[in-house]
Number of protein chains: 4
Amino acid sequence: MKSNLRTPGRPKRKEQEPSVQETVLFKASMLFMELGYEAVSLQQIAKACGVTKASIYYYYKGKPELFTAALTAVMRRASERTAALLEEDMPLRERLILVSETKLGRQHADFETIMREARSSLSEEQLDDIRRAEEGIHEIIAGHLARSIEQGEIRQTDPLLTAYALSAVLMVGNREIAKGKTAEKLAREIVDLFWHGLEK
Amino acid sequence: MKSNLRTPGRPKRKEQEPSVQETVLFKASMLFMELGYEAVSLQQIAKACGVTKASIYYYYKGKPELFTAALTAVMRRASERTAALLEEDMPLRERLILVSETKLGRQHADFETIMREARSSLSEEQLDDIRRAEEGIHEIIAGHLARSIEQGEIRQTDPLLTAYALSAVLMVGNREIAKGKTAEKLAREIVDLFWHGLEK
Amino acid sequence: MKSNLRTPGRPKRKEQEPSVQETVLFKASMLFMELGYEAVSLQQIAKACGVTKASIYYYYKGKPELFTAALTAVMRRASERTAALLEEDMPLRERLILVSETKLGRQHADFETIMREARSSLSEEQLDDIRRAEEGIHEIIAGHLARSIEQGEIRQTDPLLTAYALSAVLMVGNREIAKGKTAEKLAREIVDLFWHGLEK
Amino acid sequence: MKSNLRTPGRPKRKEQEPSVQETVLFKASMLFMELGYEAVSLQQIAKACGVTKASIYYYYKGKPELFTAALTAVMRRASERTAALLEEDMPLRERLILVSETKLGRQHADFETIMREARSSLSEEQLDDIRRAEEGIHEIIAGHLARSIEQGEIRQTDPLLTAYALSAVLMVGNREIAKGKTAEKLAREIVDLFWHGLEK
DNA sequence: TATGAATGAGTCTTCATTCAT
DNA sequence: CATGAATGAAGACTCATTCAT
């Protein structure tokens, strides 16, 4: 049963093919971000990677660890991308639109909601690891906001709170209301709302 | 320790105690909102209600149905509360602060993230039911925004988008950054950010 | 919940409507004969009768008892019908065809197979009750065979064994091979096979 | 009492012991044939095999699949045995007695009755698989009958119907009436009944 | 007479995890 | 490096049964 075409032992690694470990991390990231913690089984991840469950255990000690690794990896990549975009030589508003556009493009889940679901399975340390990784993004944005405030480009607000707020608003991208619009148009609309406020 | 075992058969119903069905719906709402779909077991709900799993099945056909009932109930209650607050006789900004304060008070999870997790377990119809119930809240807020726009009280923006945006920002309440502050102060800060925007 | 249009208390019994008890016995017979013991739930029976499970318990002490009652009733009815048919004033062979035709008409399950499934749930006494009821039919047939043997109408065989054998062969009626033919034609074919044997 | 708990992981495989998969299939066959579909729990099968339920699921996707595998295996084995016996170099009547004796030896349940019970749990395809496997036996018998008819050894009857009939009659083996007799004697009696018929 | 509400035990199934190879 | 084979624990769901009304 379980038609097994794969022979055991190390398969010859062709160059430029990603390693099993990388594949696992990548697919796991996608699945966890899309479906949450509990709803994703190791079986599912293994299948998506074309390996067996046992192989995952060879690289990661267990589901919590894999989850932690996957999420911190995602967060780090997001941080880097965000940082890069914010270094561009443009007015702040345009840079925020750029960042927003990118984030809207990838469907993203609410961080705290996912974490809440996983909380009971993760160790305190793992929770912290992921949380810290995620805070990174907001700190980067906040840093840029703070600089702009200092330079008198924008109104004085709490930069970290503002960063979180912008980030949160981008989740509107998942909503029905966003379905008709391109990421670019929506990003512009959202940042504008944020930029000008409601006041007349 | 075996003392709290119930015997089968109809229990003598004391007056004014809430019915089992209500209790179940209520506790289930809390748990699902706090932990998501998969992470909550019927066992857990049953225990929280002081009944057995089988009793839950007496009232609800299964986990998906209970989830649907629980979430739509929550959403409807929230709609009503929100509607009531927005009817108050105050300037819009104050009313928004009021609504925000209330929402920040209750820990709330991101709707779409929870739904994404549950999606694979729910029927198309159930998904729609919940979604429609949730849209209600935003439509109410949007309605009030639209009126204020017409009356020239606030800048012209897309009211529904704005409603979703405000709603999303309130999820900051779950964040570390919010921990030190009272709901009232935080609400004021967030609405202010929204109200004045970043522009100088 | 459970939209309950029925008021409690004794409903006015219209004449000629069968009593609840009879209905239950009848529907239960049908379901048990069609699906076996385990595969039929009291819920299912209750629903088929338009009453609640609890009502069934009002009339029968439990599933085993209901099963016993249902099957013995079926068997007794079958016995009576068979006896009547065999009293007719016709040659034996014609009477056997008549009996066969009737039996083929009703889909029937193998008695021992059904009993085997139920065995672990029934008391020794209940098993015996059903078994005795069923044996009745074969004894009736055997009685008529014995008489015909005495009168030199047919070859000398073990009448009871022959009765069981004929009875068993009639289960061919459930088979694919029987699907194209009318009960009458099939009955004739089977009895003929039995009557003449294979020998040339 | 906890002594027979296995630890997880691959057990050292002793030679010549049958594989778990085979054991499971074998025990499952026995139990299903003896007690039917619903009355047999996977727990029960697992225990009979000295493994856990989860192990069964490692080899079979679920109860319906295991049932299908078990029954088709039984039917195939029976076909082979029957075919072999019918190839023997003896007069047809003796060969039929041989086949009958073997079948009477093993307690056997009525196929259609078992299937009826399982029907609602099996897929259309599974039902067909089992059914086809079972038809095999009758086709083999029918083939031999047909040949004997051609060669003028026996009277002309519908061979397939006759095969089914003989098969059915052998279920008398399960009856009380058969209890006193050896399989051989009973087989001879039954085939004789079939061979000579009732006619004088 | 009949029911609504509840239970405990048991079912199938899935999952994360382990370990010999 | 990677797997096949197995496990214990837990989850959703169903069922026969009970009892106050």
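The chains referred to below are lettered A, B, ... by the order of the sequence lines, with proteins before strands, and numbering in each begins at 1.
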**Request:** Output all residues satisfying side-chain contact (heavy atoms from CB on, under 4.5 Å) with Y58(A), sequence neighbours left out; order by chain, then residue number.
**Result:** none
**Message:** List the residues meeting side chain to side chain donor-acceptor pair (under 3.5 Å) with T52(C), not counting sequence neighbours, and say none if there are none.
**Reply:** S55(C)
**Request:** Return the set of residues passing side-chain contact (heavy atoms from CB on, under 4.5 Å) with A48(C) (not counting sequence neighbours), or none when no residue passes.
**Result:** K27(C), L31(C)
**Message:** Run the salt bridge (charged side-chain N to carboxylate O under 4.0 Å, His left out) test against E117(C) and tell me which residues pass, sequence neighbours left out.
**Reply:** none
**Asked** What salt bridge (charged side-chain N to carboxylate O under 4.0 Å, His left out) pairs are there with at least one residue in residues 28-55 of chain D, not counting sequence neighbours?
**Response** none
**Message:** Please enumerate all residues that pass side chain to side chain donor-acceptor pair (under 3.5 Å) together with S123(D), with sequence neighbours excluded.
**Reply:** Q126(D)
**Asked** When the distance from CD1 of I56(C) to P of dA16(F) is rounded to whole Å, what number comes out?
**Response** 9 Å
**Asked** Which one, dT18(F), dT7(E), dT13(E), comes nearest to the side chain of V51(B)?
**Response** dT7(E)
**Request:** May I ask you to list the residues of residues 115-130 of chain C, by number, that have any heavy atom positioned under 4.0 Å from an atom of DNA chain F?
**Result:** none
**Request:** Would you tell me if any nitrogen or oxygen in the side chain of Y59(D) comes within less than 4.0 Å of OP1 or OP2 on dA6(F)?
**Result:** yes
**Prompt:** Can you check the Y57(B) OH to dG10(E) C1' distance for me, whole Å?
**Reply:** 14 Å
**Request:** Rounded to the nearest 0.5 Å, what's the gap from CG on L127(B) to CG on L71(B)? Could you check?
**Result:** 11.0 Å
**Asked** To the nearest angstrom, how far is Y58(A) atom OH from dA2(F) atom P?
**Response** 8 Å
**Prompt:** Rounded to the nearest Å, what distance is computed from the NZ atom of residue K61(A) to the P atom of nucleotide dT18(E)?
**Reply:** 11 Å
**Asked** Is the distance from OP1 or OP2 of dA6(E) to the nearest side-chain N or O of S55(B) less than 4.0 Å?
**Response** no
**Request:** Mind listing the residues from residues 41-48 of chain A sitting with a heavy atom below 4.0 Å of DNA chain E? Number order is fine.
**Result:** S41(A), L42(A)
**Complete:** Applying salt bridge (charged side-chain N to carboxylate O under 4.0 Å, His left out) to E134(A) and not counting sequence neighbours gives R175(B)
**Prompt:** How would you list, by chain and number, every residue that makes a ring-ring contact (aromatic ring centres under 6.0 Å, His included) with F67(C), sequence neighbours excluded?
**Reply:** F32(C), Y37(C)
**Prompt:** Between A54(B) and E38(D), which is nearer to the 5' end of DNA chain E once each is assigned its nearest nucleotide?
**Reply:** A54(B)
**Asked** Looking for any heavy atom pair under 4.0 Å, which part of the strands does V24(C) touch: base, sugar-phosphate only, or nothing?
**Response** nothing
**Nearest-nucleotide 5' precedence on DNA chain E, G62(D) against T52(C)** = T52(C)
**Asked** Whole Å only: how far is the NZ atom of K63(C) from the C1' atom of dT17(F)?
**Response** 12 Å
**Prompt:** Once you round it to whole Å, what is the distance between P of dG4(E) and CD of Q21(B)?
**Reply:** 14 Å
**Request:** Could you check if a side-chain atom of I45(D) sits within less than 4.5 angstrom of a side-chain atom of L66(D), using non-hydrogen atoms only?
**Result:** yes
**Message:** Can you give me the dot-bracket string for DNA chain F, 5' to 3', counting Watson-Crick and G-U wobble pairs with both distances under 3.5 Å, using [ ] for crossing pairs and | for partners on another strand?
**Reply:** .||||||||||||||||||||
**Message:** On the side chain of K53(C), is there an atom forming a donor-acceptor pair with the base of dT17(F) - under 3.5 Å, no angle test?
**Reply:** yes
**Message:** Could you work out, with salt bridge (charged side-chain N to carboxylate O under 4.0 Å, His left out) as the rule, every residue matching D129(D), not counting sequence neighbours?
**Reply:** R132(D)
